[in-house]
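Let me begin by presenting the structure, written as structure tokens, before commenting on it.
A note on names: the letters A, B, ... follow the listed sequences, proteins ahead of strands, and every chain is numbered from 1.
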2 protein chains.
Amino acid sequence: MVSKALIAASTKPMILSILAGGEIYGYQIIHSMIEISGGILEWSEGTIYPVLHRLEKDGFIRSQWKMSNNGRHRKYYRLTAFGRKELEKEKKQWMSVHNVLSKLWAPLPSFD
Amino acid sequence: MVSKALIAASTKPMILSILAGGEIYGYQIIHSMIEISGGILEWSEGTIYPVLHRLEKDGFIRSQWKMSNNGRHRKYYRLTAFGRKELEKEKKQWMSVHNVLSKLWAPLPSFD
DNA sequence: GTAATATACCTCGAACGTCTAGGTATGTCA
DNA sequence: TGACATACCTAGACGTTCGAGGTATATTAC
């Protein structure tokens with residue numbers, strides 16, 4: 001189980017990263033993430049849909065209704081150019097924090 | 001600048017990690033982090049003190065008032081055994097999320 | 001034909017977390 | 001005496017997740 005704070009920090013970069021791989025709809029994102037993470041991340045619908053709406057409102061992603069061949073309607077999302085830039089920012093931020101943690105977790109250097 | 005969500009996710013493991021290196025007081029933690037992170041993380045007092053109180057309430061750290069030789073009183077914190085275990089959990093969580101992101105950010109494998 | 005299950009979307013409100021802006025108090029230096 | 005650094009604290013605004021609820025359609029089993 002991953003803490004709420006970590007979920008909050010990783011959800012945005014994860015969704016943007018997934019969408020960088022091409023068009024995908026909400027319900028599929030949820031199940032893709034469970035698969036990709038090997039069950040570590042168990043996103044629920046109540047978590048993901050509001051995030052998708054916020055990302056669209058902020059202009060990072062854009063949605064389009066489509067009909068699948070089995071008659072169900074799906075809302076497909078894709079990354080905008082602005083969203084692609086945001087993903088790069090998110091990557092940089094994540095990596096900079098990760099580097100600080102890595103430094104703290106590294107075996108202490110010997111000052112000799 | 002690092003997003004609020006990332007701050008929220010990294011504050012706990014960072015503080016526990018810093019305390020794993022020995023006793024330290026709140027005000028010092030704030031300035032240590034700015035130095036360690038090279039200014040990437042600009043923790044404010046309003047962020048750190050409530051976190052320290054929560055960590056103590058949860059039993060991960062313990063505090064003790066001490067007088068410095070210049071007459072100022074400082075509240076020193078140190079890690080408990082329980083807190084050391086919690087730090088290991090936090091490390092694992094962070095790394096598992098980091099691994100998923102790394103996978104997503106890796107160049108796509110060619111399926112040929 | 002109808003019950004159960006899977007797909008696929010949505011929202012409300014409780015709970016929890018940060019952070020701005022304020023506060024207190026002491027020591028040092030000009 | 002004023003400015004600044006040190007060193008602690010908290011109230012309230014704001015933002016976020018997530019459980020629990022809702023709608024609707026397609027498929028499968030009985």
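Between Glu88(A) and Lys85(A) no salt bridge is recorded (no basic side-chain N to carboxylate O distance below 4.0 Å).
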Return the polar atom pairs (N/O with N/O) between nucleotides 7-14 of chain D and the protein under 3.5 Å, or none.
{"unit_1": "dA7(D)", "atom_1": "OP1", "unit_2": "Arg74(B)", "atom_2": "NE", "d": "2.6"}
{"unit_1": "dA7(D)", "atom_1": "OP1", "unit_2": "Arg74(B)", "atom_2": "NH2", "d": "2.4"}
{"unit_1": "dA7(D)", "atom_1": "OP2", "unit_2": "Tyr25(B)", "atom_2": "OH", "d": "2.7"}
{"unit_1": "dC8(D)", "atom_1": "OP1", "unit_2": "Lys75(B)", "atom_2": "N", "d": "3.0"}
{"unit_1": "dC8(D)", "atom_1": "OP2", "unit_2": "Tyr27(B)", "atom_2": "N", "d": "2.4"}
{"unit_1": "dC8(D)", "atom_1": "OP2", "unit_2": "Tyr49(B)", "atom_2": "OH", "d": "3.0"}
{"unit_1": "dC8(D)", "atom_1": "O5'", "unit_2": "Tyr49(B)", "atom_2": "OH", "d": "3.3"}
{"unit_1": "dC8(D)", "atom_1": "N4", "unit_2": "Glu45(B)", "atom_2": "OE1", "d": "2.5"}
{"unit_1": "dC9(D)", "atom_1": "OP1", "unit_2": "His53(B)", "atom_2": "NE2", "d": "3.3"}
{"unit_1": "dC9(D)", "atom_1": "OP1", "unit_2": "Lys75(B)", "atom_2": "NZ", "d": "2.7"}
{"unit_1": "dC9(D)", "atom_1": "OP2", "unit_2": "His53(B)", "atom_2": "NE2", "d": "3.1"}
{"unit_1": "dT10(D)", "atom_1": "OP2", "unit_2": "His53(B)", "atom_2": "ND1", "d": "3.3"}

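Partners of Thr47(B) under the side-chain hydrogen bond (donor to acceptor under 3.5 Å, both in side chains) rule, at least two apart in sequence or in another chain, are Ser44(B). Applying the ring-ring contact (aromatic ring centres under 6.0 Å, His included) rule to His73(B) yields the partners Trp65(B); only residues at least two apart in sequence or on another chain are considered. Glu23(B) is linked by a side-chain hydrogen bond (donor to acceptor under 3.5 Å, both in side chains) to Lys66(B), counting only residues two or more places apart in sequence or in another chain. Partners of Thr80(A) by side chain to side chain contact (heavy atoms under 4.5 Å, CB included), not counting sequence neighbours, listed by chain and number: Arg62(A), Phe82(A). For Tyr77(B), there are no ring-ring contact (aromatic ring centres under 6.0 Å, His included) partners, not counting sequence neighbours. Under the side chain to side chain contact (heavy atoms under 4.5 Å, CB included) criterion, Asp58(B) pairs with Arg54(B), Phe60(B), sequence neighbours left out. Looking at residues two or more places apart in sequence or on another chain, you find no ring-ring contact (aromatic ring centres under 6.0 Å, His included) involving Tyr49(B).
Listed by residue number, the members of residues 92-102 of chain B with any heavy atom below 4.0 angstrom from DNA chain C form an empty set.
If you measure from atom NZ of Lys12(A) to atom P of dT17(D), you get 11 Å, rounded to the nearest angstrom. Computed from coordinates, the Ile48(A) CD1 to dA20(D) P distance equals 17 Å when rounded to whole Å. Rounded to whole Å, atom P of dT16(D) lies 13 Å from atom CG of Leu6(B).
Residue pairs meeting the ring pair (Phe, Tyr, Trp, His ring centres under 6.0 Å) criterion with at least one partner in residues 17-47 of chain B, sequence neighbours excluded, are Tyr25(B)-Tyr76(B), Tyr27(B)-His31(B). The salt bridge (Lys or Arg N to Asp or Glu O under 4.0 Å) analysis of residues 95-107 of chain A, with sequence neighbours excluded, yields no pairs.
On the nucleic acid side, DNA chain C has its first and last nucleotide under 4.0 Å of a heavy atom of chain B at dG17(C) to dG27(C), going 5' to 3'.
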